[in-house]
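Data block below; observations after.
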Amino acid sequence: MLDTDFFRRWMTTTAAAVDREASNLTDLDSAIGDADHGSNLQRGFTAVTAALGKEPPQTPGAVLICAGRQLISTVGGASGPLYGTLLRRTGKELGDAPAVTRDELARALGAGVAAVAQLGGAQAGDKTMLDALLPAAEALGTSFEAARDAARAGALATVPLRARKGRASYLGERSIGHQDPGATSSALLIDALAETGDAAGGAA
Ligand code: ADP
Ligand code: MG
């Protein structure tokens, strides 16, 4: 079972990955956006880590709701409300359970991803974070590793796509040939989940 500590570690592992990859994320965003994706997420996940340390939430759902709230209130860019919605909605789906199975998380994450699609009006193939998140949520029903592989493959597959949503869509054809920053950071989030799963000995 995945307990509250598992979810706390997932968030802090993501924060560390975002710190490590911030300049890469910002470089990707400078090619097809406004060069702030790395700093946006760094600010957001620093706030997430601080909030989780200050008043540790007591259930898996509460950890994700707390993290989502921090992202919404601290990240200025489009990605803040989108990631915030992802985590809040996923957390709400988990309810009050003190621990959940990987399968339950997979279903909750599916609902979180659907909420992102609804908020941003994007779908698969639009060259957004959804191109990593949709296949990852689906594959999480199989294993953490399958989710990680699906997210990485989804992020890479954004390179030849033309952006149809968000700032990158203003570039039209010129968005082709670059990896989407949000899909790349989503792959980091799922990487961190798989890493947390590995550390827990393939829990669930
Ligand atoms: P901003 O575009 O406001 O500068 P960020 O740079 O932090 O925000 O985030 C950009 C990322 O947000 C994009 O790479 C894309 O993956 C994601 N994104 C933007 N708009 C949407 C949308 N409508 N639906 C889903 N994801 C989106
Ligand atoms: Mg940006």
Side-chain angles (χ1 to χ4, degrees), residues 11 14-49 64 67-90 108-139 147-148 150-193:
M11 291 299 106
T14 302
V18 163
D19 268 341
R20 202 173 57 232
E21 294 293 324
S23 67
N24 180 39
L25 294 173
T26 287
D27 286 349
L28 293 174
D29 197 33
S30 73
I32 57 169
D34 57 352
D36 65 356
H37 191 56
S39 50
N40 279 343
L41 288 190
Q42 226 175 353
R43 187 178 338 108
F45 276 96
T46 299
V48 167
T49 304
L64 296 186
R69 214 179 272 140
Q70 291 301 319
L71 293 177
I72 290 171
S73 63
T74 60
V75 178
S79 61
L82 292 165
Y83 273 122
T85 296
L86 174 73
L87 297 181
R88 272 179 43 165
R89 181 59 199 274
T90 302
L109 189 65
V113 174
V116 172
Q118 198 182 12
L119 177 65
Q123 46 183 329
D126 283 350
K127 197 181 181 98
T128 71
M129 57 175 70
L130 287 173
D131 291 317
L133 293 173
L134 282 164
E138 176 86 33
R148 178 187 57 207
R152 285 181 182 172
L156 281 175
T158 61
V159 173
L161 297 176
R162 176 190 172 143
R164 282 193 287 255
K165 288 286 167 193
R167 213 177 274 281
S169 67
Y170 310 155
L171 292 177
E173 298 273 312
R174 281 181 295 136
S175 64
I176 293 172
H178 303 278
Q179 187 166 320
D180 180 63
T184 308
S185 57
S186 287
L188 292 179
L189 177 74
I190 304 298
D191 252 7
L193 175 62

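Atoms considered below: every heavy atom in the structure, side chains included; atoms not considered: hydrogens, waters and symmetry mates. Just so you know, ligand 1 is whichever comes first in the structure, and atom 1 is the first atom listed for that ligand.
Of the possible polar contacts, one joining the T158 side chain to the D180 backbone as a donor-acceptor pair under 3.5 Å is found. Within the 3.5 Å criterion, the main-chain N or O of T74 finds a donor-acceptor partner in the side chain of R43. With hydrogens and angles ignored, the 3.5 Å screen pairs a side-chain donor or acceptor of S175 with a backbone N or O of A163.
With the Mg ion (ligand 2) as the vertex, atom OD1 of D36 and atom OD2 of D29 span an angle of 80° (nearest 10 degrees).
Within 4.0 Å of ligand 1, protein heavy atoms come from D29, D34, D36, H37, N40, G77, A78, S79, L82, G120, A122, T128, M129, K165, G166, R167, D180, P181, G182, A183.
Side-chain contact between L41 and Y83: present, with at least one pair of heavy atoms (C-beta onward) separated by less than 4.5 Å.
For the side chain to side chain donor-acceptor pair (under 3.5 Å) condition, the pairs that include at least one residue of residues 125-139, sequence neighbours left out, are D126-R164.
Looking at D34, its N, O or S atom nearest to the Mg ion (ligand 2) turns out to be OD1.
The shortest non-hydrogen separation linking H37 to D29 is N-OD2, 3.1 Å. Nearest heavy-atom pair across L130 and A122 is CD1-O, 3.3 Å.
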